[in-house]
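Working notes, structure below.
For the numbers below, each heavy atom of this structure counts, side chains included, while hydrogens, waters and symmetry mates do not.
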Amino acid sequence: SADTGYSKPDVYAKAHYFGVVLTGLTFTPTTGVCTSGGGSLGGPGVIVTATGTYNFNAMFLSIPVNLSTQACYPIIQ
């Protein structure tokens, strides 16, 4: 069967990531409460936090920029 990411969301996210090259890219799943952008409460969910470092190259300098973001999907009971 196809891997939907429900059992291992961190592995699923890393396998489906595309974009700029980030060093130390990690996806960390935790459980918590999903909230909307406005902060209203939702139900229980799995929160996946992604962190990595983008190396911004300007002329002869390489400036590391740490990036982090989260996504949450609800647990249907």
Side-chain angles (χ1 to χ4, degrees):
S1 68
D3 180 13
T4 61
Y6 287 107
S7 61
K8 295 186 178 194
D10 52 331
V11 174
Y12 181 84
K14 194 162 192 171
H16 289 82
Y17 172 78
F18 64 93
V20 297
V21 175
L22 299 175
T23 56
L25 180 60
T26 60
F27 294 91
T28 307
T30 57
T31 56
V33 176
C34 293
T35 58
S36 69
S40 61
L41 293 176
V46 175
I47 302 165
V48 179
T49 302
T51 58
T53 302
Y54 174 72
N55 290 308
F56 179 75
N57 295 310
M59 298 288 238
F60 299 104
L61 297 174
S62 179
I63 303 167
V65 179
N66 295 323
L67 302 172
S68 179
T69 191
Q70 288 185 334
C72 186
Y73 64 87
I75 297 172
I76 300 172
Q77 299 176 346

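- Pairing each heavy atom of Pro74 with each of Cys34, the nearest pair is N-SG, 4.0 Å.
- Considering every non-hydrogen atom in both Gln70 and Thr49, the closest pair reads NE2-OG1, 3.1 Å.
- Between the side chains of Ser68 and Thr51, not a single donor N or O lies within less than 3.5 Å of an accepting N or O.
- Taking the side-chain contact (heavy atoms from CB on, under 4.5 Å) definition, one finds that Val20 meets it with Tyr17, Leu22, Tyr54, sequence neighbours left out.
- The two residues Ile47 and Gly32 make their nearest non-hydrogen contact at CD1-CA, 3.9 Å.
- Here Ala13 pairs with Phe27 under the side-chain contact (heavy atoms from CB on, under 4.5 Å) rule; sequence neighbours left out.
- For Thr69, the side-chain contact (heavy atoms from CB on, under 4.5 Å) partners at least two apart in sequence or on another chain are Ala50.
- If you take CD1 on Ile63 and CG on Asn55, they are separated by 10.0 Å, rounding to the nearest 0.5 Å.
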